[in-house]
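Structure first, then comments.
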Amino acid sequence: MTPSSPASFPAASRGLFISFEGIDGAGKSSHIQGLHDAFLAAGRQVVSTREPGGTPLAEKLRALFLQEPMDALTEALLVFAGRRDHLQQVIEPALARGDVVLCDRFTDATFAYQGAGRGFDLQVLSVLERMVQQRPELGEGALRQPDLTIWFDLPTEVAAERLAGARAPDRFESEPQQFFARVAAGYAERALAQPERFARIDSHRPKQAVWQAVRQAVAAQGWLPASKVEG
Ligand SMILES: Nc1ncnc2c1ncn2[C@@H]1O[C@H](COP(=O)(O)OP(=O)(O)O)[C@@H](O)[C@H]1O
Ligand SMILES: Cc1cn([C@H]2C[C@H](O)[C@@H](COP(=O)(O)OP(=O)(O)O)O2)c(=O)[nH]c1=O
């Protein structure tokens, strides 16, 4: 059996938590399914989920969050309330089973959108992050964070072009490009602060090249075989 054969790749059975981030239209949704399939082919159980959302309660909050006008603190409280339920009901049980959790956005989005985008107090967001994600069983003061965050980075004008006409814009997608420039800067700041967790993907390339970079970022962690290019 060769080292790249899926059957020879039981890449440890500890749970893996991978989040996907980027401004709207960055192209992340296009690659989550590809990774889902690649992990299944490597013999892993996979849970693909999203934020805001991921549980019946959090999906109800998502609908309000995306459609109803509200201030930035209300946005932050709603999104962290949904996150708490999502962690308790879906993410932690999946990680405890040893599954791979692929999460379309997580807390970095709150720092980027509510923090950098809306200008909301980052310290308040850090307090909420600590309340919601604290996991004493991981160590004293430890927070649940993704093991890897795949950050799709591309110029705001390219993302806007990709979104134009693609779907009816929600409350965030209707924001002007300056908003997304701030959000992008917010992601860059988070990535700078926690470089070991972030894999930056240059997403201003054809889909296949982006996919190869995504696959490579995961393979570099030893979680998928390196050789094969799928997708
Ligand atoms: N590398 C790419 N080049 C050109 N268009 C892309 C690329 N990746 C995604 N798209 C298109 O851009 C739009 C937004 O992609 P999507 O995956 O929905 O972005 P996101 O989930 O990050 O908001 C879709 O119409 C998608 O087909
Ligand atoms: C998770 C999260 C998302 N958002 C925003 C980013 C997106 O514009 C929106 C929904 O994210 P997303 O699921 O990427 O939207 P779509 O299904 O249209 O691709 O919510 C926040 O503002 N804060 C958050 O904490």
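Start at 1 and go down the list; that is how both ligands and their atoms are numbered. Scope of the values below: all heavy atoms of this structure, side chains included, with no hydrogens, waters or symmetry mates. Because the structure is predicted, anything quoted here is derived from the model rather than measured. One is the number of the first residue; the rest follow in order along the sequence.
Scanning all protein heavy atoms for the shortest distance to atom 1 (N) of ligand 1 gives R205 O, 2.8 Å. Nearest protein heavy-atom neighbour of atom 21 (O) of ligand 1: S29 OG, 2.4 Å. At the shortest separation from atom 19 (O) of ligand 2 among protein heavy atoms lies R167 NH2, 3.4 Å. Annotation: atom 18 (O) of ligand 1 to nearest protein heavy atom, R167 NH1, 3.1 Å. Scanning the protein heavy atoms around atom 4 (N) of ligand 2, the nearest turns out to be F65 CE2, 3.7 Å.
In the vicinity of V79, heavy-atom distances shorter than 4.0 Å reach the ligand 2 atoms 24 (C), 25 (O). Taking every non-hydrogen atom of F172 and a distance limit under 4.0 Å, the qualifying atoms of ligand 2 come out as 5 (C), 8 (O), 20 (O), 22 (O). Counting the atoms of ligand 1 from 1 in the order shown, those under 4.0 Å from a heavy atom of P206 are 1 (N). Contact atoms of ligand 2 toward T110: 24 (C), 25 (O) (distance under 4.0 Å to a heavy atom of the residue). Taking a cut-off of under 4.0 Å to the non-hydrogen atoms of R83, the atoms of ligand 2 that pass are 1 (C), 25 (O).
Contact detail for Y113 and G22: the closest heavy-atom pair is OH-O, 3.7 Å. Of all heavy-atom pairs spanning F65 and R171, the tightest one is O-NH2, 2.8 Å. Summarising the geometry of A38 relative to L224, their closest heavy-atom pair is O-CD2, 3.6 Å, with the distance given to 0.1 Å.
With a 4.0 Å heavy-atom cut-off, ligand 2 is reached by the side chain of R62 but not by its N, CA, C or O. In L66, the part holding a heavy atom less than 4.0 Å from any atom of ligand 2 is the side chain. Residue contacts with ligand 2, taken as heavy atom pairs separated by less than 4.0 Å, involve K28 solely via side-chain atoms from C-beta onward. Contacts with ligand 2 closer than 4.0 Å are made by side-chain heavy atoms of D24 only, the backbone lying farther away.
Using modelled atom types and a 3.5 Å distance limit, the side chains of R190 and T149 yield no donor-acceptor pair.
By heavy-atom distance, the residue among G54, S19, A109 lying nearest atom 2 (C) of ligand 2 is A109. Comparing heavy-atom distances from atom 24 (C) of ligand 2 across Q114, E173, R171 singles out Q114 as nearest. Nearest-residue assignment for atom 17 (O) of ligand 1 (options G25, S203, S30; heavy-atom criterion): S30. For the residues R162, K207, R50, the heavy atom positioned nearest atom 26 (C) of ligand 1 is part of K207. Summarising the contacts of atom 11 (O) of ligand 2 with H86, E51, E21, R105, the nearest heavy atom is found in R105. Proximity annotation for atom 16 (P) of ligand 1: of A159, A164, A209, G27, G27 comes nearest, heavy atoms only.
Between D85 and K60 there is no salt bridge, since no side-chain nitrogen of the basic residue lies less than 4.0 Å from a carboxylate oxygen of the acidic one. Taking 4.0 Å as the cut-off between side-chain N and carboxylate O, E59 and R50 count as a salt-bridged pair. Taking 4.0 Å as the cut-off between side-chain N and carboxylate O, E175 and R182 do not count as a salt-bridged pair.
Residue E51 forms a side chain to side chain donor-acceptor pair (under 3.5 Å) with just one option from R105, H86, R62, and that option is H86.
You'll find the side chain of Q67 reaches within 4.5 Å of the side chain of D170, heavy atoms only. Side-chain contact between L148 and I150 is present, with heavy atoms from C-beta onward closer than 4.5 Å. Side-chain atoms of E129 and F111, non-hydrogen and from C-beta on, do get closer than 4.5 Å to each other. Under the 4.5 Å side-chain criterion, counting only non-hydrogen atoms from C-beta, I18 is in contact with W223.
In terms of N/O distances under 3.5 Å, ligand 1 is not approached by D24. For ligand 1, none of its N or O atoms has an N or O atom of L163 under 3.5 Å away.
Per-atom contact check: atom 4 (C) of ligand 1 touches the protein, criterion being a heavy-atom distance below 4.0 Å.
Using a 4.0 Å heavy-atom cutoff, A26 is listed among the residues neighbouring ligand 1.
Annotation for M70: atom CE counts as buried by contact number, over 12 foreign heavy atoms lying within 6.0 Å.
Using cut-offs of 30° and 60° for the angle between ring planes, the Y187 and W151 rings count as tilted.
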